[in-house]
Structures are given as C-alpha cells and as structure tokens.
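Small disclaimer: the values here were computed from a predicted structure and weren't measured.
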Amino acid sequence: MANRIWKVLTTDIKELFSVEAAEGIGEAGKTATELAKMLKEQGLDNSNLLLEVLNSPLAQVVGTGLPFVGIAAKMLAFFIEKNQQQPTLAECIFLVSQAAYLESFKEFIGQDENLLNRIGQTPVSDKVKQLIKKLADLEFSDKAAKETVICFRDSILAKEFNQVLSERLQQAGLNADESQILTKRVAANTHRYLIEAWAVSGDAMKELGQPSFSEWREDQNKYQSIDKYLQEQIASLPQKPVFAENFSFKDIYVPLKAKPIDQNGNLVKNTEAFDLETWAKDLLEDEKKQDRVMFIEAGPGRGKSVFCRMFADWVRQHLHPVWTPVLIRLRDIPTLQKSFRETLKEAVTAGFASDNGWLMDRNTRYLFLLDGFDELLMEGRSSGGLEQFLKQVGQFQRDCQQSSEMRHRVLITGRTLALQGIERQMPDNLERVEIQVMDDELQQQWLSKWSAKFGAEKTSAFQNFLQDERCPKQVKSDLAREPLLLYLLAAMHRDGRLKVEDFQGTNSTQAKILIYNQAVNWVLTEQRSKLLNRDLTEFETEDLRHILTEAGLCVVQSGGECAPVAMIEERLKSNNSVKELLEEAQKKIGDNPLRNALAVFYLQQGSKEGSVEFVHKSFGEFLCAERLKESLEEWTELRNKSKRFNTQESQMDWEIYDLLGYGALTAEIVEYLMGLLTTPAVAGEKSLFRPVELFQRLEGFYWRWCEGEFIDMLPESWPQKKMRLLREQLKTQVKTQDLGLRKIDIYAGLNVMILLLELHRYGQERDELKDKMVFYPCGKPNAEGKLDDASRLLRLIGYSCCVGDFGFLQIVGRFLSGVNLSGANLRGANLNGANLSRANLSDAYLGGAYLNGANLSGANLSGANLSGAYLSGANLSRAYLCRANLSHAYLRGAYLRGAYLSGANLSGANLSRAYLSDAYLSGANLGDAYLRGAYLGRANLGDVKWDKNTKWENVRGLDAAVNVPAALKQQLGMK
C-alpha cells in the first residue's frame, strides 16, 4: 500500500530539499526539509515504504538512532499542509505502524549487543527485498486499520511485517525458532510506540478520532508500571541470597526434570523425565493447549518456588512482552474471592493492575505464576477452599482461551499431598507434572556450581562423603538429590558440622530429621555470629531453640506461612525463663529482643506488617513438630508423677486444643513428629517417649471428644477459649469465620485421631505392644464381637463437613493405613483417594460408599458389603475380599491383581478395564458382570484364577476383555 503520503514525500520533498536554504518556505517547508535530509541520509529518498530500512545492515538501523516515530509524524504533518486534506485512517495507520514496528525492533536489538554483533552486518537478500516490495501492494482497509489500533499483534499488518522481519533475521543468521520469538516480541511491543506515534501526530489525525494526550499518558503509565514491576519484582528474584549465604539462587540453580501425571494423580507409566523449563515453554507456545493450566506438583524441598522465580525471570528476559510474568505467592492471598479474576485483583497491587479492565487489554498477555497452592491461608487450605480455587483457575484459563481480549496463561505449583481427597473434583484442564529428584547429571551440575563457589577440594570431600559406603542409601539416592536437602548437606559438610557416622542405622525419616536438627544447631552456633547485628548473648542456644519451636508452631497455626511477632511473644510468656530473658534483653538493647532472636534463624519479614516467616516452609514444619513432641512427652510424664490426675488431665485437654485446634496436621509434620518421638535427639540419651501411656491418654481424650464433652463445657469451653485467642492473635490475617467454634473442635479431635492412628501402626509393628495399642475408631467390639456404635465414624465424617465438603477425607484420609474398622457402618461415605492399605474392613458395611482411587491394597474386606460402591481406579491388589458383596459395584479401571475374591458376589459389577491378573475368583459370582476391556492376564503377572464353582452366567463384555486365558475360553465356549 504505497499510499498518497509516500507519493508526496518522494516528489515534493526532493524539490524542497534542493531549496532548503531559501527564505520564506514556512513551517511546512522546514519540516519537509528536515525530513528529506533524514531520508536521504538513510537512502530512503527513492523508497516506497519506511519498512525498507530493513534493507540496510541491521547494525545501521540501531546505530543511526533514527527516530522512526518522529519521522512518521513529520510525514503526516507535511502531507496535510501540502495537500490541505486529511489522509484516510488506513493511510495513517499503514505509515505509523511501520514506524512503531521499527522503533520496537530497534529497542530489542539494541539491548542485546551479542545479537547485534552476530547479525548486524549481514547484507539483505533478494528474497527479503521482494517481500518488502510485495508489502507495498497490500490491500489495507479502514476496518483493518481500526483492528490494528486496537491490537497490533493480532492484526494483518503484524502478520505481514513479521513475515518480512523473520525472513530478514533468518537470512542474517538466526535459526527459525530464534527469529520467530524475536519477531513475536517486536510485534507485541509495537502497540506502545503505535499509541505514542498516534498521540504525537497532533492535528495530523485529529479528524480520525485518535486517542487524546491523556489517554496516551494512561497507556504510557501502564507500560512504565509493568517495566518497573519487572525490574524490581522479577529481575531481582534470581539474585536473592540463598538463606544467609553470600551467594544467590542463580549461582547454584540447575534445571529441574519432571514426569507427567494422569487425572488420577498417578505418574504416567513408561515415560522419561523431561526438562521442566522446556515443557513450560512449549505449553506457552502451543496454540492447541491455550486452555490448559500448567500444574506442577512436588514434595517439599524439590525446588518448586525457586523454579517459579527463575522461570519468571527467564520469561522477562526472553519472552516479554509476548508474555508478561506476574509471580504471586499464594500464601499472600488471605481470602479467596468469588472468582479468580477478583482474587487476582486483590493479589496484584502494582499500578498496571489498578484499572478494572487490566485483564481485558488485548495488547498485554500475562503469565500468572501461582506458587504454593498448599499454602493458601485458612479457608483456602480446607478441602472445599482448595477445590473451589482450582476450579476457578481452571475456568479462568478456559475463559482466556475462548476470549480474544483475555489470552493469559496460568502456571501453578504446590505439594501433591494437599490434593488428597479432591483428585476427582479437580478441573479436567490441568496439564499436570511432578518434579523428579535430581538424576546423576543434574546432581553433578549442581556440584560443579558448588565447586565454583567453594573450591574443588571441599566439593571433592563432600562427594566422598556421599559415596562413602557408610552413608545410608536413602541419603545417597533420595535426600541428596532434593535441592533443599542437598544444599543443607553440602553447607553443613563445608562447615564441618556433618559426618558420615551420624547417619549410621537411620531410615529415611530419621536421616531427614538428623539433617534438619543439625541445620538448626548449625545456624544457632556456627552461623550465629554472622547473622546477628546486636548483642544477644543473654540467650543461650537452648533458649533460642525454644523460641524457634514456638515460632514454628505459630507460623503453622497462622496458616503455615507467616505469624505475627505479637503472637509468638504472647505464647512465650508461659515460659518464665524465656520471658525473663526477653525482659532483661529489652532493658539492655532498648529494642525488641524477640525480633533479633528470630533473625538468628531462617526467618524474614513476613508479607504482612508485624509478622515473620520462615525462608522455607519445611523449617517451620520441623520446628512445629519439635514443639509438639515436647508437649506429648510432658503429657505422659504428668500422668506418672501427678497425684492430682484430674487437674493434669484437664490441663492436657486444654493443651490439645491449644496445640492442635488450628487446622489439619500435614503429612510432613506427622512424619517429623513420629520420627522425633521414636528417635532420641542424642545417641545414647534415654527416650522420654512412653507409647502406651501416650496412646491411653489420647484415646481417653478421643472418646470424650466424640461425646461432645469439650464443646459443651461451661462457662467457657476449650474450643471457645482457643477461638478467642486465635481471633485476637490473628485478627489482621484471616477472617473471623475461618476460626469458628466447630472448626476448632473438629481440627483438635481429628488431629488426635491422626496421632492415634500413627501410634496404632507403631504398636502393631511391635510384638510387645500389639495388644496394648489397638485403636478402634468406632469403639471396641463387645463380647459378641459386634460394635455397639458401628456408625460412630460415619457421624464424625458428617460432622467434619463443617470444615469443608470433604473435611474428614482431607484431614484424615491419608493416615488411614492399617485402621481397624471391622464391622463399621460406612454406608455412602466419601473416602475417594483415601489410603486404606492393610486396613481391617471385614464385615464392614460400605454399600454405596465412594472409594474411587482409594488405596485398599492388602486390606481385609472379607464379608464386607460393597454393593453399589464406587471403586473406579481403586487399588485392591492383594486385598482379601472373600465372601464380600460387590454386586453392582463400579470397579472400572480398578487394580485387583492378586486380590482374593473367593466366594465374592460380583453380580452386575462393572469391571471394565479392571486389572484382574493373578486374582482369585474361586466360587465367585460374576453373573451379569461387565468385563469389557478388563485384563484377565498379563505377561509375568499371571492369569486370573477360577474354579468350577465360579459363576459366569450372562457375563457381559468377556469377548472384548484382554488376555482371556485359553482354558476359560474353552470352558465358556468362546472363540
């Protein structure tokens, strides 16, 4: 489209240039003279398009500093004064867009000196010249011009300009992918210069309805706000120091690997680990997957948060403004809103998000990196809250894919265990992966970076430590391959605080506890002098440790992320020795000594005023477990020593609510707690753990809790007291309804139930304790072997809905392994995804129960009634189901390898795609059962087993089953 504007410039300007010294040529003449000089110097005086500047060496485009936006404005001004008429909208936009596009290109290539040196001097090819020449003939209407103004990157001009630039870049030496990314970035950045050109053109386009100067300023302010956010909040992330070290995350970060996860939360079988960053980059660019949420799961310390920081900065450097990264720590969102858009509005406080329509601007596409779905506060952590939040995110991503105005993407990370019980309620548009431990190659890369900081000698000594035959296998193959623990091991070994002998005879949990325990001691002694800026000699190491354990409890009770300093201080007042030391220290230093004491360890200023948080969540969980251990040991000690048993028992009851009435115990805290209880802190030290006494005391509390004794107390019940204290201590952090009376009562009772289940398993593994530590959630069987209250647990499940629709499942579901529920009535109970491995469910009533995806491997279900139960995807391998009633049960995709189904009633059951390899079906009734796609045999796993008493009448889909044994085919007359 070589329009009238350019025609004037290629004729009349030449004449003016030849008489530029003449007097009286007027303002138009001066403008034209200046413009003609510019164009002649660039060899564009005979051009048809401003874009023909790309025919010059690219280094020249940058080096001359040619103001393309200014050129376009002068062209328009001269045209109007010369012709006394306005150009069409299409003519204006065609010219101004070229200027804005070139200005954008100049900005990007000018920022990268290496790139400029690489491609800057390459002469243009004939193909590029032809493409530019072809562009001059482009049909461009006013309608297309309006669309260009609204969103340049989606316009026909962007498509045509990108084709020219991409070819020019490839011809200059970039590969196809490099040129495509740079071209997209140039196009996405063009809008800010297009608006600027439009605005500064002044009267040239006043008849065309261009934005006002104030509107242009608003756009410019938005872009400046984005630039500031990226520079201050994103670019600084990789440079942040690792804990209290003098090096940054960037110095020791290595790329992570991941594997895909299916919708049931299981790793996809037979898949190789892939580079996590590459996976995320590919998903961003995959046009067919713009509706998918990038969902990254992992255990603690696997590098989720560090990945978010590093990837956000990579996007800033290499993809912005195609994608603009926005990092949100989900711990900083106190309340979930009715929609994810509203939640984003609350979470993003930067200036560019102040406009209500910030998400509807087609020229800005955000990549929202949401770090830590397991760290949502209070209502967000409940099963219903997390499920609601994930559904909102899933719907938001679908809306973005379907809307031309919102093309944003979401990446979210968190701990896998937080999804317990809601797997089947999660949105179906999650692209799920799980971060894997470091393989040999990645670990070696990490060690090479460590060597660069601390030298080959120290690194070699650490490697010898890991390779020593006395170093436990779990340390070598597991713990030393997780980023956080690998750093702690290397740092403590560097400082001489870790020896291979320390790990002898430890299991995985004990080894992990040893690392964290040593890390606390290491910081409190070795690094203490490096961290403190004030004299805190009044605090002995033991006192500081007590302060830290109380801080760990407070952080966990506050939602697992940060806690008010005032809350920690209030709790410490109950310890007279620490209280006195704090008062003495305050007199000496005239400052808040508690803040200084907290600064000793890995604590930092919290996201909320007057609060602190641990640099890594795992430290808070470990110290919280240590604080719980102290009280659990004291409870049994009190019972043994006290003559005033009732008073001491009442004190324990209150302490249970005080310590456990805040939320659900996490699997990590429980793992640390049981490890700390069962392993003395110092080798040879007498253990204070009295398992039988502790079990009896907690069991007594549990029965009284089940009867509602504590919530009905007068004048102030323990739940009321805890509610009052939490509301006072956390008034600035959470909504008061998140700290309701029933919620506190439920959390306290179910957390005690978790501890009883753990102690039950501990006792059943030891012959001397088997008969003394047996936990019956529904009560002990009577003399006839029956339960007096078989529905007790079912009522508790219903009561637990006060904390969320799946409250019991979310809180206790993962801890039910080995539970004794023989004869229990669990009709219709929701136990989806629960861990019931090795559970005793003999003669239990589970009719209509929801057990989809549950782990029932090795469980005793003999005589159980599972009629109409939902067991899709459940793991029933080696389960004992003799005489069980599974009529009309839904077992699609269930795993029944090696299950004992002798005499079981499977009539009408749906067994499609179920795995029955090596299952025992002697005497089972499969009449009317549906077996299409079921696996009845598999190489190396064995065929299904049956006998003459197995009933196959009217079985359906057997002809479409997989690996039906030849003998069965013959017996049933199948071909």
Student: When the ring planes of Phe454 and Phe247 are compared, do they come out parallel, tilted or perpendicular, using 30° and 60° as the limits?
Tutor: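 Perpendicular, since the angle between the ring planes exceeds 60°.
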Student: Is any side-chain heavy atom of Glu630 less than 4.5 Å from a side-chain heavy atom of His546?
Tutor: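 Yes - at least one pair of side-chain heavy atoms lies under 4.5 Å apart.
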Student: Could you tell me whether a side-chain N or O of Ser448 sits under 3.5 Å from a main-chain N or O of Gln444, the two making a donor and an acceptor?
Tutor: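 Flag set: sc Ser448 to bb Gln444 pair under 3.5 Å.
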Student: Does any pair with a residue in residues 460-475 pass salt bridge (Lys or Arg N to Asp or Glu O under 4.0 Å), and if so which ones, sequence neighbours excluded?
Tutor: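 For residues 460-475: Asp468-Arg470, Arg470-Glu501.
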Student: Go through the structure and list residues passing salt bridge (charged side-chain N to carboxylate O under 4.0 Å, His left out) with Lys722, not counting sequence neighbours.
Tutor: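 With sequence neighbours excluded, Lys722 shows a salt bridge (charged side-chain N to carboxylate O under 4.0 Å, His left out) to Asp658, given in chain and number order.
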Student: Whether the side chain of Gln764 engages the backbone of Met773 through a donor-acceptor N/O pair (distance < 3.5 Å, no angle test) should be reported.
Tutor: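 The answer is yes, because a donor-acceptor pair under 3.5 Å joins these two groups.
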Student: Can you tell me how far apart CH2 (Trp446) and OG1 (Thr459) are? Round to the nearest 0.5 Å.
Tutor: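 Interatomic distance, Trp446 CH2 to Thr459 OG1, rounded to 0.5 Å: 8.5 Å.
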Student: Quick one: does any side-chain atom of Gln518 pair with a main-chain N or O of Arg497 as donor and acceptor, under 3.5 Å?
Tutor: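 Here the side-chain-to-backbone pair exists.
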Student: Check Ser305 against Asp371 and note the closest heavy-atom contact, atom names and distance.
Tutor: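 Ser305 and Asp371 have their closest heavy atoms at OG-OD2, 2.6 Å.
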Student: Check step by step if ring-ring contact (aromatic ring centres under 6.0 Å, His included) holds for Tyr253 and Phe249.
Tutor: CA-CA 6 Å; Tyr253 178 75; Phe249 286 102; 8.9 Å; no
Student: Asn751 and Gly663: which non-hydrogen atoms are nearest, and at how many Å?
Tutor: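 Scanning both residues completely, I find the closest heavy atoms to be ND2-O, 2.8 Å.
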Student: Rounded to the nearest 0.5 Å, what separation is found between the CG atom of Leu489 and the CG atom of Leu484?
Tutor: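 So the CG of Leu489 and the CG of Leu484 are separated by 9.5 Å.
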Student: Would you say the side chain of Ser817 lies within less than 4.5 Å of the side chain of Arg761, judging by non-hydrogen atoms?
Tutor: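 Sidechains of Ser817 and Arg761: in contact.
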Student: Decide yes or no for Tyr747 and Leu660: does some side-chain heavy atom of the first lie under 4.5 Å from some side-chain heavy atom of the second?
Tutor: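 No, every pair of side-chain atoms sits at 4.5 Å or beyond.
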Student: Going through the distances and angles, do Leu755 and Leu632 end up as a side chain to side chain contact (heavy atoms under 4.5 Å, CB included)?
Tutor: CA-CA 10 Å; Leu755 296 179; Leu632 264 63; 4.3 Å; yes
Student: Taking the side chain as C-beta and beyond, is there a heavy-atom pair between Arg481 and Leu486 under 4.5 Å?
Tutor: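 Heavy-atom side-chain distance check fails, nothing below 4.5 Å.
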Student: Asp478: which residues meet the salt bridge (charged side-chain N to carboxylate O under 4.0 Å, His left out) condition with it, sequence neighbours left out?
Tutor: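 With sequence neighbours excluded, Asp478 shows a salt bridge (charged side-chain N to carboxylate O under 4.0 Å, His left out) to no residue whatsoever.
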Student: Would Phe695 and Tyr762 count as a ring-ring contact (aromatic ring centres under 6.0 Å, His included) if you check the C-alpha gap in whole Å, the side-chain angles of each, and the deciding distance to 0.1 Å?
Tutor: CA-CA 10 Å; Phe695 177 82; Tyr762 177 83; over 10 Å; no
Student: Using a strict 4.0 Å threshold on nitrogen-to-oxygen distance, state whether Arg697 and Glu693 make a salt bridge.
Tutor: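 Here Arg697 does not pair with Glu693 in a salt bridge, since their nearest N and O are not under 4.0 Å apart.
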Student: Given 3.5 Å as the limit, does a donor-acceptor pair link the side chain of Thr678 with the main chain of Met674, or not?
Tutor: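 At least one qualifying donor-acceptor pair exists.
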Student: Quick check: do Leu730 and Gln557 have side-chain heavy atoms less than 4.5 Å from each other?
Tutor: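 They are not in contact (no side-chain heavy atoms under 4.5 Å apart), so the answer is no.
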Student: May I ask you to test the Ile435-Thr413 pair for a side-chain heavy-atom distance under 4.5 Å?
Tutor: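 With C-beta onward as the side chain, the pair stays apart.
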Student: I'd like to check Leu488 versus Tyr516 (side-chain heavy atoms, cut-off strictly below 4.5 Å). Are they in contact?
Tutor: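 Yes, close enough: below the 4.5 Å cut-off.
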Student: Is there a side chain to side chain contact (heavy atoms under 4.5 Å, CB included) between Lys512 and Tyr672? Walk through the geometry before answering.
Tutor: CA-CA 8 Å; Lys512 196 183 296 184; Tyr672 296 142; 3.8 Å; yes
Student: Which heavy atom of Leu466 sits nearest to which heavy atom of Ala480, and what is that distance?
Tutor: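 Shortest heavy-atom separation between Leu466 and Ala480 comes out as CD2-CB, 3.8 Å.
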Student: Between Glu482 and Arg302, is the closest basic N to carboxylate O distance under 4.0 Å?
Tutor: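 Looking at Arg302 and Glu482, the cut-off is met.
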Student: How about NZ on Lys250, more than 12 heavy atoms from neighbouring residues, nucleotides or ligands closer than 6.0 Å, or not?
Tutor: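 No, NZ of Lys250 has 12 or fewer neighbouring heavy atoms, counting only those of other groups under 6.0 Å.
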Student: Verify the distance criterion only: is there a donor paired with an acceptor across the side chains of Glu655 and Gln651 at less than 3.5 Å?
Tutor: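 Result is yes, a qualifying pair exists.
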Student: Is it the case that the side chain of Gln436 and the backbone of Leu256 share a donor-acceptor pair, with hydrogens and angles ignored and the cut-off at 3.5 Å?
Tutor: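 Flag not set: sc Gln436 to bb Leu256 has no pair under 3.5 Å.
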Student: Does a donor on one side chain and an acceptor on the other come within less than 3.5 Å for Thr549 and Glu626?
Tutor: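 The answer is no; no qualifying pair exists.
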Student: Do you know the tightest heavy-atom contact between Val520 and Arg545?
Tutor: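 So the two residues come closest at CG1-NH1, 3.4 Å.
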Student: Kindly compute the distance separating CD (Gln729) from CD (Glu569), expressed to the nearest 0.5 Å.
Tutor: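 Between Gln729 CD and Glu569 CD, I get 11.5 Å after rounding to 0.5 Å.
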Student: Show the nearest heavy-atom pair for residues Lys476 and Gln467, with the distance to one decimal.
Tutor: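 Nearest pair, atom of Lys476 first, then Gln467: NZ-O, 3.6 Å.
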Student: Taking it one step at a time, do Thr679 and Ile513 satisfy side chain to side chain contact (heavy atoms under 4.5 Å, CB included)?
Tutor: CA-CA 9 Å; Thr679 306; Ile513 288 171; over 6 Å; no
Student: Parallel, tilted or perpendicular: which one describes the rings of Tyr702 and Phe775, with boundaries at 30° and 60°?
Tutor: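 Perpendicular: the ring planes of Tyr702 and Phe775 meet at over 60°.
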Student: Drop me the distance from Asp374's CG to Thr666's OG1, to the nearest 0.5 angstrom.
Tutor: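 One gets 9.5 Å once the value is rounded to the nearest 0.5 Å.
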Student: Looking at Glu245 and Arg494, is there a salt bridge between them, counting it only when a charged N and a carboxylate O are closer than 4.0 Å?
Tutor: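 Salt bridge present between Arg494 and Glu245.
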Student: Check for a donor-acceptor pair, side chain of Asp313 on one end and backbone N or O of Met310 on the other, with a separation under 3.5 Å.
Tutor: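 Between the backbone of Met310 and the side chain of Asp313 there is no qualifying donor-acceptor contact (under 3.5 Å).
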Student: For residues Val812 and Leu757, determine if any side-chain heavy atom of one lies less than 4.5 Å from a side-chain heavy atom of the other.
Tutor: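 Side-chain contact under 4.5 Å: yes.
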Student: Does a salt bridge link Glu621 with Arg415, judged by any charged N lying under 4.0 Å from a carboxylate O?
Tutor: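 Salt bridge between Glu621 and Arg415, a charged N being under 4.0 Å from a carboxylate O: yes.
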Student: Give the C-alpha distance, both sets of side-chain angles, the deciding distance and a yes or no for side-chain hydrogen bond (donor to acceptor under 3.5 Å, both in side chains) between Asp653 and Ser650.
Tutor: CA-CA 5 Å; Asp653 296 339; Ser650 178; 5.2 Å; no
Student: Quick one: CE on Met723 to CH2 on Trp718, what's the gap to the nearest 0.5 Å?
Tutor: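 The CE atom of Met723 sits 14.5 Å away from the CH2 atom of Trp718.
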Student: Decide yes or no on side chain to side chain contact (heavy atoms under 4.5 Å, CB included) for Leu386 and Leu419, but give the supporting numbers first.
Tutor: CA-CA 8 Å; Leu386 180 56; Leu419 304 174; 4.2 Å; yes
Student: Quick one: CG on Asn246 to CG on Asp251, what's the gap to the nearest 0.5 Å?
Tutor: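 The CG atom of Asp251 is 9.0 Å from CG of Asn246, to the nearest 0.5 Å.
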Student: Of the non-hydrogen atoms in Ala312 and Leu369, which two are nearest, and what is the gap between them?
Tutor: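 Result for this residue pair: CB-CD1, 4.0 Å.
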